[in-house]
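What you are looking at is a predicted structure, and each value in this text was computed from that prediction instead of being measured.
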Number of protein chains: 2
Amino acid sequence: MAASDSLASRAGTAGQLSRGDVPVMRRASLREQVRAAVEELIVFGKLAPGEHLAEESLAELLGVSRQPVREALQSLSVAGFVDLRAGRGAFVHEPTAREAREVFHVRALLESDSCRLAAQNVDDDGVRRLEAIYAEGHEASQNHDDPRRLIELNRTFHRAITEIGGNRVSLALLADLERRAGWYLATIITNRAPSSWAEHRAILDAVAAHDADLAGELMLNHIDHSRDLLEFTGQ
Amino acid sequence: MAASDSLASRAGTAGQLSRGDVPVMRRASLREQVRAAVEELIVFGKLAPGEHLAEESLAELLGVSRQPVREALQSLSVAGFVDLRAGRGAFVHEPTAREAREVFHVRALLESDSCRLAAQNVDDDGVRRLEAIYAEGHEASQNHDDPRRLIELNRTFHRAITEIGGNRVSLALLADLERRAGWYLATIITNRAPSSWAEHRAILDAVAAHDADLAGELMLNHIDHSRDLLEFTGQ
DNA sequence: GTCATCCATACTGCATACAGTATGGAGCTG
DNA sequence: CAGCTCCATACTGTATGCAGTATGGATGAC
């Protein structure tokens with residue numbers, strides 16, 4: 001069926017996230033796969049804001065039972081992608097301009113701080129890692145690769161910075177915030193990408209130079225630019 | 001049964017949170033009640049870090065089926081109170097000193113920012129609201145009321161500041177972070193309370209005076225003091 | 001024609017049932 | 001006696017079943 005095909009393809013994408021080249025790839029739980037699948041459907045506009053996500057239909061679509069769907073929807077609710085109305089079920093969240101501003105504001109706070117920490121903590125391995133991601137992202141952005149890949153690379157760079165910063169609580173919060181921001185930006189990322197990676201270059205240099213203040217400030221401006229772009233598009 | 005009694009009493013506590021005096025109090029869903037109950041059991045040490053939370057036993061203890069328990073545990077996992085090991089189930093999270101530092105660090109970032117925003121946005125109503133909370137908290141702290149109440153009042157003050165600040169995304173993140181911080185502090189809150197409310201007084205004054213920089217800095221120091229206390233206790 | 005009421009429908013929320021798997025210890029082997 | 005294998009056990013993950021309820025439209029009253 002097209003149904004199980006759909007879920008299978010999403011699962012592949014989800015697998016990339018936890019890629020650790022473990023000998024036996026532990027299949028993710030159905031609720032994780034469903035979560036990833038539904039999130040992607042939302043981010044790429046297959047499910048419109050306000051749309052009612054009936055558990056039964058989603059379960060049928062993905063070829064699983066209602067149970068994992070239900071749990072996935074609750075998880076997506078915490079992450080801000082769907083709203084759970086008591087007794088009514090799940091609806092695709094309808095982002096407002098205000099909310100987008102707030103997400104970017106918080107993200108700027110946390111990432112700027114993480115970037116400052118990264119500049120203090122980074123070692124040669126970390127710099128090499130950032131260089132590698134930058135090279136890949138810079139190229140992809142100039143080739144105007146597909147949005148999905150650009151989003152993934154962008155996220156990888158930001159996550160690497162935060163990981164080097166070393167605050168795992170921040171890392172966990174930013175994982176969700178970045179996905180939400182990615183949703184808001186999904187439609188415009190292609191145009192944004194080149195200038196974005198130019199800014200990534202400057203951030204990388206500041207981190208490599210252990211200049212904490214500059215690194216933090218650059219990250220702040222970087223995320224502000226994303227937000228500004230969002231405003232322009234009349235989102 | 002003692003089982004349902006237990007859940008019922010927890011549900012009463014949870015009800016306080018959403019107290020809005022609506023004509024017909026909509027009973028919270030079982031998973032919400034279970035979540036609140038289990039979180040309280042963890043925060044007040046009835047369930048020790050590392051303990052295995054078998055769905056069946058919890059369900060029996062609370063007089064409900066496994067389903068709402070399962071969903072509550074997943075929710076608690078996101079909030080950092082339990083860890084879900086694949087195939088093994090839920091275990092009470094074991095906080096480390098490092099993690100506590102990280103939580104307080106992020107909390108300080110977000111609350112300091114919110115406090116700055118509050119000082120910019122506050123109106124007379126807001127000031128009156130803070131004054132009322134302060135009066136109640138100041139008194140309770142001097143009377144050495146029970147920890148549960150002190151935690152609740154402390155949380156109310158901080159949440160009020162964040163609400164006045166107006167960033168709802170921050171508000172949602174801080175709700176979880178404050179509960180986690182409350183867990184870490186639960187054992188020492190009684191001693192901490194008096195000096196804490198002295199600092200609340202200063203924060204309130206800065207907010208009322210619309211002094212954004214001062215308000216932000218005071219909140220930063222305030223949360224740092226909580227963290228320092230945590231370090232002292234050898235947590 | 002407008003409004004209230006009633007009811008059929010569809011879906012959620014919770015409970016139960018079933019299958020698969022991680023684990024710890026008994027028993028066996030070297 | 002040490003270490004490995006195998007199996008009984010317990011628990012998770014998923015599926016299904018059932019009762020309660022929110023909703024929207026049809027019907028009737030004014």
message: Measure CG/A:L84 against C1'/C:dC11 and give the value in whole Å, please.
response: 14 Å
query: So B:E152 and B:R149, side chain to side chain contact (heavy atoms under 4.5 Å, CB included) or not? Walk me through it.
result: CA-CA 5 Å; B:E152 185 58 32; B:R149 176 166 160 75; 5.5 Å; no
message: Under a 3.5 Å threshold, yes or no: a donor from one side chain and an acceptor from the other, between A:Q74 and B:E71?
response: yes
field: Atom-to-atom span, CD of A:E55 to P of D:dA22 - whole angstrom
entry: 16 Å
- request: Provide the full list of salt bridge (charged side-chain N to carboxylate O under 4.0 Å, His left out) pairs with a residue in residues 77-93 of chain B, sequence neighbours left out, each pair given once.
  value: none
query: Is any side-chain N or O of B:H52 closer than 4.0 Å to OP1 or OP2 of D:dA10?
result: no
- prompt: How would you label the contact of B:L58 with the nucleic acid (heavy atoms, under 4.0 Å): base, sugar-phosphate, or nothing?
  reply: nothing
- prompt: What residues in residues 70-81 of chain B put a non-hydrogen atom under 4.0 Å from any atom of DNA chain C?
  reply: none
task: Can you sort out the partners of B:E56 under side-chain hydrogen bond (donor to acceptor under 3.5 Å, both in side chains), two or more places apart, ordered by chain and number?
output: none
query: Over how many whole Å does the gap from B:R88 atom CZ to D:dC11 atom C1' extend?
result: 9 Å
- line: Taken to the nearest whole Å, CD/A:E56 to P/C:dC11 is 8 Å
task: May I ask you to decide if the ring planes of B:Y184 and B:F104 are parallel, tilted or perpendicular, using 30° and 60° as cut-offs?
output: tilted
statement: Applied to residues 67-92 of chain B, the ring pair (Phe, Tyr, Trp, His ring centres under 6.0 Å) test, sequence neighbours excluded, yields B:H52-B:F91, B:F81-B:W183
message: Quick check against the 3.5 Å criterion: does B:T162 have a side-chain atom that pairs as donor or acceptor with the backbone of B:H158?
response: yes
task: Test A:L30 against every option in A:V69, A:V64, A:L62 by the side-chain contact (heavy atoms from CB on, under 4.5 Å) rule and name the one that passes.
output: A:V64
- line: Rounded to whole Å, the CG-C1' distance (A:D83 to C:dT12) equals 16 Å
- prompt: Got a sec, which pairs hit salt bridge (charged side-chain N to carboxylate O under 4.0 Å, His left out) with one end in residues 102-115 of chain B, sequence neighbours left out?
  reply: B:R98-B:E102, B:R107-B:E111
Short heteroatom pairs, N/O only, protein and nucleotides 15-18 of chain D, under 3.5 Å:
{"residue": "D:dA15", "atom": "OP2", "partner": "A:S65", "partner atom": "N", "Å": "2.9"}
{"residue": "D:dA15", "atom": "OP2", "partner": "A:S65", "partner atom": "OG", "Å": "2.6"}
{"residue": "D:dA15", "atom": "O5'", "partner": "A:S65", "partner atom": "OG", "Å": "3.3"}

task: Give the rounded distance in Å between these two atoms: CD of B:E32 and P of C:dG13.
output: 11 Å
